[in-house]
*Asks:* 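Have a look at the structure that comes next, please.
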Amino acid sequence: MIKAAEPVGGQAGGMVIPVSGGPTVLRILLGAQLRRLREGRRITLEDAGKRIRASHSKISRLETGRVGFKDRDIIDLLTLYGVTDEEEREALRALARRANAPGWWHDYSDVLPHWFEAYVGLEEVATQIRAYEVQFVPGLLQTEDYARAVTLLGHDSEPPRDIERRVRLRMARQSMLDREEPPNLWAVIDEAVLQRPAGSPDIMHGQLKHLAVLAQRPNVTIQIIPFQAGGHAAAGGPFSILRFAEPDLPDVVYLEQLTSALYLDKPETVDSYLRVMERICMEAATPADSAEIIAGLIAGR
């Protein structure tokens with residue numbers, strides 16, 4: 001997770017430089033600080049773009065953390081924004097260098113879709129992850145065998161090496177649950193996920209036992225929506241909501257599609273998904289009852 005931040009004085013008005021965090025988050029934080037500086041001087045996107053020999057859309061992408069930062073661009077923008085204190089300028093340039101550094105997941109770039117890379121970076125530093133699933137067990141809760149079976153469904157024509165690389169990536173993501181300060185993971189899973197076979201019966205049995213064990217962790221909550229619950233508020237499909245400790249990072253709703261993904265962070269949109277999530281949590285079995293459902297499925301296999 002993102003640790004405490006340190007204030008940096010100077011003409012920018014005491015901006016905050018994070019002590020640590022993944023590159024995805026650092027890009028977003030630096031972009032937000034550059035936006036505040038620009039708006040504080042009442043400089044338009046177009047004028048800022050001209051200063052770095054780019055379009056206004058390039059400035060927009062910088063300010064939303066969607067692209068990396070060139071040191072020359074940072075220097076020129078800080079000059080335009082009136083940041084003359086050398087200590088402050090160097091702190092922001094150092095932050096840009098950290099934001100440009102590859103995350104651990106860069107080692108899996110050969111099998112990591114570009115549209116999923118941002119999610120891995122955000123997931124890495126989230127303090128709370130809420131997920132609703134209707135087809136598969138959430139990736140952070142999958143066993144290695146189950147992950148392999150699910151991966152084969154969508155990549156059956158790939159060589160075994162690539163399949164194993166994808167599985168290794170998923171297992172590496174799960175390491176966050178073993179950190180000293182792990183995120184809170186709250187998963188709401190349709191019962192059909194647990195009834196639908198993935199791989200052999202032994203694989204499903206192992207997956208169910210794994211869920212039963214994980215549900216006992218203080219930072220993991222699992223709720224099952226039983227068949228008898230009928231239709232429910234989230235009939236539109238699976239989604240995840242990420243929350244962060246850093247106040248400059250808004251909640252993010254993640255919607256995965258077949259070959260792309262949507263990242264939604266407008267407050268009104270996030271609020272709508274949060275309301276739906278609260279409703280399905282009320283409609284789902286309690287965590288205790290969900291544990292009994294899982295135990296019953298284990299006993300029946």
*Asks:* Output all residues satisfying salt bridge (Lys or Arg N to Asp or Glu O under 4.0 Å) with K58, sequence neighbours left out; order by chain, then residue number.
*Replies:* D73
*Asks:* Please list all pairs meeting salt bridge (charged side-chain N to carboxylate O under 4.0 Å, His left out) that have one or both residues in residues 205-226, counting only residues at least two apart or in different chains.
*Replies:* D178-R217
*Asks:* Does a side-chain N-to-carboxylate-O contact under 4.0 Å join R97 and E90?
*Replies:* yes
*Asks:* Suppose the criterion is ring-ring contact (aromatic ring centres under 6.0 Å, His included): which pairs have a residue in residues 35-71, not counting sequence neighbours?
*Replies:* none
*Asks:* Can you run down the salt bridge (charged side-chain N to carboxylate O under 4.0 Å, His left out) pairs that involve residues 147-162, sequence neighbours left out, and say none if there aren't any?
*Replies:* D110-R161, E144-R148, D145-R148, R148-E164, E158-R166
*Asks:* Can you list the residues that meet the salt bridge (Lys or Arg N to Asp or Glu O under 4.0 Å) rule with R173, with sequence neighbours excluded?
*Replies:* E123
*Asks:* Is the CE atom of M171 crowded by more than 12 outside heavy atoms at less than 6.0 Å?
*Replies:* yes
*Asks:* Among all residues two or more places apart in sequence or in another chain, which pass the ring-ring contact (aromatic ring centres under 6.0 Å, His included) test with Y254?
*Replies:* Y119, Y263
*Asks:* E278: what forms a side-chain hydrogen bond (donor to acceptor under 3.5 Å, both in side chains) with it, not counting sequence neighbours?
*Replies:* R130
*Asks:* Would you mind reporting whether Q257 and W115 have side-chain heavy atoms less than 4.5 Å apart?
*Replies:* no
*Asks:* Check the side chains of S60 and E63 for a donor-acceptor pair under 3.5 angstrom, ignoring hydrogens and angles.
*Replies:* no
*Asks:* Given the rule in the side chain to side chain contact (heavy atoms under 4.5 Å, CB included) test, do L62 and R35 qualify, once you have shown the distances and angles that lead to the verdict?
*Replies:* CA-CA 9 Å; L62 286 172; R35 185 186 68 251; over 6 Å; no
*Asks:* Can you check whether I52 reaches L77 side chain to side chain, under 4.5 Å on heavy atoms?
*Replies:* yes
*Asks:* Is a donor from one side chain sitting under 3.5 angstrom from an acceptor on the other, for W186 and Q223?
*Replies:* yes
*Asks:* Salt bridge (Lys or Arg N to Asp or Glu O under 4.0 Å) with R27: which residues, sequence neighbours excluded?
*Replies:* none
*Asks:* Just to verify, what does S200 make a side-chain hydrogen bond (donor to acceptor under 3.5 Å, both in side chains) with, not counting sequence neighbours?
*Replies:* none
*Asks:* Could you list the residues that satisfy side-chain hydrogen bond (donor to acceptor under 3.5 Å, both in side chains) with R53, not counting sequence neighbours?
*Replies:* D76
*Asks:* With sequence neighbours excluded, tell me which residues meet side chain to side chain contact (heavy atoms under 4.5 Å, CB included) with S57.
*Replies:* S55, R61
*Asks:* Just jot down the salt bridge (Lys or Arg N to Asp or Glu O under 4.0 Å) partners of E117, sequence neighbours excluded, or say none.
*Replies:* none
